[in-house]
Participant: 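Below are the structure tokens for one structure; questions will follow.
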There are 2 protein chains.
Amino acid sequence: MKTFSINYHLFKREKEGIINIFLKENENVLNSFSKRRIMFKKNMDNRNEKENTIRDVANLAGVSVATAGRVLGGYGSASSKSVSAVKDAAAKLNYIPNGIAQSMKKKNTKTIGLIIANISNPYFSSIARLVEEVLAKEGYNLIICNTDEDSERELSYLRTLYEKRVDGLMIASALKDSESSEDEVLKMYKNSIPTIIIDREIPGIDLPTVTSDNFRGAYEATTHLIKMGHKKIGVIGSNISTLFRRVDGYKQAMEENFLTFDDYLISNKTYDNVSPGDVNEGIFATRELLKDPETRPTAIFPLNNLLTTGALIAIDEMGLRIPEDVAIVGWDDFDLAPLLKPPITVVKQSSYNIANIATNRLLELISNSSLSSEADKKVTLSTELVVRGSCGNKAN
Amino acid sequence: MKTFSINYHLFKREKEGIINIFLKENENVLNSFSKRRIMFKKNMDNRNEKENTIRDVANLAGVSVATAGRVLGGYGSASSKSVSAVKDAAAKLNYIPNGIAQSMKKKNTKTIGLIIANISNPYFSSIARLVEEVLAKEGYNLIICNTDEDSERELSYLRTLYEKRVDGLMIASALKDSESSEDEVLKMYKNSIPTIIIDREIPGIDLPTVTSDNFRGAYEATTHLIKMGHKKIGVIGSNISTLFRRVDGYKQAMEENFLTFDDYLISNKTYDNVSPGDVNEGIFATRELLKDPETRPTAIFPLNNLLTTGALIAIDEMGLRIPEDVAIVGWDDFDLAPLLKPPITVVKQSSYNIANIATNRLLELISNSSLSSEADKKVTLSTELVVRGSCGNKAN
DNA sequence: AAATATAATGAAAACGTTCTCAATTAATTA
DNA sequence: TAATTAATTGAGAACGTTTTCATTATATTT
């Protein structure tokens with residue numbers, strides 16, 4: 001498509017009737033131009049077809065915009081005559097207020113941003129569900145952002161949400177230690193939007209936080225495996241920032257029991273085309289970990305729910321028996337866990353509690369711009385080890 | 001809390017210094033009032049702390065707002081001197097444009113609304129995941145709304161999203177036949193926002209649609225059960241609008257094979273405190289259906305994934321064996337289906353395809369305000385029956 | 001150097017609300 | 001009826017951008 005520009009001065013002269021020659025000479029070009037103008041105009045007209053504003057309502061009702069605003073907005077006072085006139089007019093015109101303009105004035109958007117790794121992870125989706133439910137009751141909508149544990153994407157979302165001027169932010173951050181001190185990040189996080197951190201802390205950033213007791217949960221699970229007689233225990237998912245504290249818990253339990261753990265037991269590879277913490281990582285990492293019957297751990301501990309699923313798939317695929325060949329304790333409970341043969345032992349965390357507490361604190365933060373009790377700025381919820389049948393008992 | 005109003009004229013006079021008596025008499029009241037004013041002021045000052053506008057950037061850079069806008073927005077032309085001055089100023093002020101103001105002018109919000117039954121349903125969450133991913137690449141954000149199959153809530157969300165002036169809408173509607181003709185609904189749906197219907201059609205509303213072949217999927221599953229020798233087949237979830245077409249498919253298959261189905265085989269109860277189509281409905285309905293060994297169907301067909309989970313839980317809980325006591329074919333495949341004993345036969349539908357096609361069509365709709373080929377306005381994706389071991393074989 | 005074309009600029013008008021302020025009208029009291 | 005209080009109203013500014021338009025500065029051609 002050929003572009004061309006029209007000289008402003010020529011246009012000016014044209015207006016003044018000085019040059020008509022130009023017009024003739026460039027007739028064809030000009031025509032296509034004016035066609036474009038007409039198209040554009042039509043398009044705009046189309047779009048604006050019937051976007052009735054409060055002004056239209058006011059006109060139809062025979063009152064001022066101010067009065068229309070008062071009755072529609074339910075503030076100030078208006079005579080019953082005005083009230084009904086405006087309401088009728090609004091109904092007749094099918095008037096729906098423009099929330100953007102309202103946001104502009106009121107300086108809020110009634111929108112919250114939720115930044116998580118992956119909404120298709122049941123843990124996050126049930127959090128999202130609950131958050132959305134609580135928020136909806138308070139008239140807020142929820143924007144969902146999947147980072148896939150990529151801190152670049154997190155920052156990009158952060159910026160977009162800031163541009164959108166969301167009223168609040170709830171974040172399960174992918175940020176790792178090293179990055180968190182970067183200027184840019186800090187600047188973003190200091191950018192004044194009420195923010196609640198969930199699922200895991202962001203190292204080096206001091207914001208209200210609601211997490212499970214990741215350390216203790218992993219510590220208990222590992223201790224349980226040790227009590228059942230396992231000495232060589234593998235861990236899956238250590239490359240994900242969420243899971244750092246869980247790895248810590250594992251290590252602590254091992255050390256307290258004078259058990260050594262070689263590096264190869266702590267799977268921390270990343271795989272091509274596999275987003276971290278996903279089912280596929282669970283499959284690949286488990287395959288690798290259990291490949292060699294000589295060095296194979298007698299128990300594995302996948303550090304999140306999707307990894308657990310992946311591990312189960314890999315174990316099944318390799319024809320290994322649970323718990324005879326390999327024991328497993330999963331992170332996060334799931335509906336089908338008791339139905340598997342054997343039923344799977346898991347560390348259970350309450351997405352319900354996390355979501356509820358975090359949402360209410362966020363709402364508090366939004367309306368008060370501070371938390372009522374600074375004391376419990378960091379909330380840590382305890383996990384529960386649900387013992388079923390997947391750990392065996394080598395101890396006896 | 002006691003309310004009070006202050007007389008405007010008194011204030012006016014106060015300003016003019018005429019009445020100080022009033023002040024004294026009402027000291028306490030006025031004090032609390034001015035305290036509130038101060039609080040409010042402080043609050044506002046706090047909020048406005050450092051919201052740098054493009055005007056601030058322009059001032060610091062020593063250019064006009066127009067020029068600043070041009071370099072920041074990347075349109076029009078500006079001297080390299082201006083460009084760097086503005087960019088520097090923006091960086092220094094940590095300027096982040098106000099998207100609301102932009103939306104106001106540009107008449108778009110770069111936001112899409114997704115209305116579904118429940119984001120914690122894996123089927124919907126994986127759709128949401130994919131939709132969000134595609135949208136993010138095009139610079140759109142996604143607002144998620146859970147209706148819990150409640151058409152009231154759907155309408156309320158619809159209105160909110162319209163107020164927010166989202167650029168597009170993707171809806172798995174909870175609307176049933178009877179409701180769809182209501183004026184209000186139609187008005188909403190005709191309200192010009194580009195909209196794609198997914199998962200199920202909205203009866204009586206003519207909009208671009210992307211669905212699985214619900215009828216055929218259910219027909220094939222039922223036919224499979226019949227082939228395996230089942231004659232008394234129960235269905236779970238028929239009270240949900242999504243599933244109407246699936247029930248139709250079931251009925252058709254039954255009829256073609258000259259099988260009768262009593263009403264009690266088609267579970268359509270609603271349970272208190274249980275949202276339709278949820279795991280708990282699956283549990284309750286299955287319990288009821290299988291309660292009586294005399295009338296018990298030899299096979300059941302839960303019509304969505306959560307109902308399937310619930311059915312499995314109930315069957316396990318009742319100590320029944322699959323497929324000897326009761327066969328089952330589930331709707332929607334799931335990762336653990338092959339790992340259960342026995343592995344579960346399912347109707348598989350591709351959330352990937354639905355999400356992808358729907359999203360791309362929506363984007364097309366937004367930019368062109370019409371679909372390129374009207375012919376395939378309604379897209380129906382075929383399902384796949386994945387036969388595993390949960391249906392037994394009574395035929396031999 | 002004059003004439004012309006192009007690039008760069010700032011003022012100001014939108015966009016659709018909310019809300020203050022000043023004024024007018026209605027209701028109440030003296 | 002006059003004086004006072006209360007209720008109702010409309011004009012217009014503001015929110016922070018984008019973008020048109022008219023103009024001025026710069027570059028290019030005769």
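Just so we're clear, the structure is a prediction, and the values are computed from it rather than from any experiment. Here is the naming used below: chain letters follow the sequence lines, and residue numbers restart at 1 for every chain. In what follows, every heavy atom counts, from backbone to side chain, and hydrogens, waters and symmetry copies are set aside.
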Participant: So do the side chains of B:K164 and A:T111 get within less than 4.5 Å of each other, counting heavy atoms only?
Facilitator: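 Result yes, sub-4.5 Å side-chain heavy-atom pair found.
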
Participant: So, using side chain to side chain contact (heavy atoms under 4.5 Å, CB included) as the criterion, who are the partners of A:V134 when residues are at least two apart?
Facilitator: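 Counting only residues at least two positions away or on another chain, A:V134 forms a side chain to side chain contact (heavy atoms under 4.5 Å, CB included) with A:N356, A:T359, A:N360, A:L363.
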
Participant: Could you give the NZ-to-P distance, from B:K106 to D:dT19, as a whole number of Å?
Facilitator: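 Going from B:K106 (NZ) to D:dT19 (P), I get 7 Å.
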
Participant: Using a heavy-atom distance cut-off of less than 4.0 Å, which residues of residues 74-83 of chain A contact DNA chain D?
Facilitator: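 Residues of residues 74-83 of chain A that come under 4.0 Å of DNA chain D are, in numerical order, A:S77, A:A78, A:S79, A:S82.
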
Participant: Applying salt bridge (Lys or Arg N to Asp or Glu O under 4.0 Å), name anything that partners A:D206, two or more places apart in sequence or on another chain.
Facilitator: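 A:K377, A:K378.
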
Participant: Given atom CG of B:N108 and atom P of D:dT18, what is their separation to the nearest angstrom?
Facilitator: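 Distance, rounded to whole Å: 11 Å.
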
Participant: List for me each residue that meets side chain to side chain donor-acceptor pair (under 3.5 Å) alongside B:S64, sequence neighbours excluded, and say none if there are none.
Facilitator: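 Only B:T67 meet the side chain to side chain donor-acceptor pair (under 3.5 Å) criterion with B:S64.
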
Participant: Grab the CD1-C1' distance between B:I54 and D:dC15 for me, whole Å please.
Facilitator: 14 Å

Participant: Go through the structure and list residues passing side chain to side chain contact (heavy atoms under 4.5 Å, CB included) with B:T53, not counting sequence neighbours.
Facilitator: B:R55, B:D56

Participant: Side chain to side chain donor-acceptor pair (under 3.5 Å) with B:Y157: which residues, sequence neighbours excluded?
Facilitator: A:E132

Participant: Rounded to whole Å, please give me the gap between NZ in A:K110 and C1' in C:dT17.
Facilitator: 17 Å

Participant: End-to-end bend of the helix from C:dA1-D:dT30 to C:dA30-D:dT1 (five-pair axes, 10° rounding)?
Facilitator: 40°

Participant: Could you check how far CD of A:E163 sits from P of D:dG16, rounded to whole Å?
Facilitator: 15 Å

Participant: Give a yes or no on whether a donor-acceptor pair under 3.5 Å exists between the nucleobase atoms of D:dT18, that is its base, and the side chain of B:K105.
Facilitator: yes

Participant: If I take atom CG in residue A:L72 and atom C1' in nucleotide C:dC19, what distance separates them, rounded to the nearest angstrom?
Facilitator: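 Checked: the CG to C1' distance equals 15 Å.
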
Participant: Can you list the residues that meet the side chain to side chain donor-acceptor pair (under 3.5 Å) rule with B:E163, with sequence neighbours excluded?
Facilitator: B:R159

Participant: Please identify each residue that fulfils side chain to side chain donor-acceptor pair (under 3.5 Å) with A:N108, with sequence neighbours left out.
Facilitator: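 Checked A:N108 against side chain to side chain donor-acceptor pair (under 3.5 Å); zero matches.
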
Participant: Please report the interatomic distance NZ(B:K110) to CG(B:D167), rounded to the nearest 0.5 Å.
Facilitator: 7.0 Å

Participant: Give the table of side-chain donor-acceptor pairs shorter than 3.5 Å for residues 71-82 of chain A, with sequence neighbours excluded, one pair per line with atom names and distance.
Facilitator:
from, atom 1, to, atom 2, distance (Å)
A:S79, OG, A:S82, N, 3.2
A:S79, OG, A:S82, OG, 2.9

Participant: Between C:dG16 and B:K107, is there an OP1 or OP2 to side-chain N/O distance shorter than 4.0 Å?
Facilitator: yes

Participant: For B:R55 and D:dA14, give me the distance from atom CZ to atom P, rounded to whole Å.
Facilitator: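 My rounded result for the distance is 11 Å.
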
Participant: What residues form a salt bridge (Lys or Arg N to Asp or Glu O under 4.0 Å) with A:R153, not counting sequence neighbours?
Facilitator: A:D148

Participant: Using atom CE of B:M104 as one end and atom P of D:dG16 as the other, report the distance to the nearest whole Å.
Facilitator: 12 Å

Participant: Check whether any side-chain N or O of A:Q102 sits under 4.0 Å from OP1 or OP2 of C:dG16, and answer yes or no.
Facilitator: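 The answer is no; no side-chain N or O of A:Q102 sits under 4.0 Å from OP1 or OP2.
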
Participant: Does anything in residues 57-70 of chain A come within less than 4.0 Å of DNA chain D? Heavy atoms only, and list the residues if so.
Facilitator: A:V63, A:S64, A:A66, A:T67, A:R70

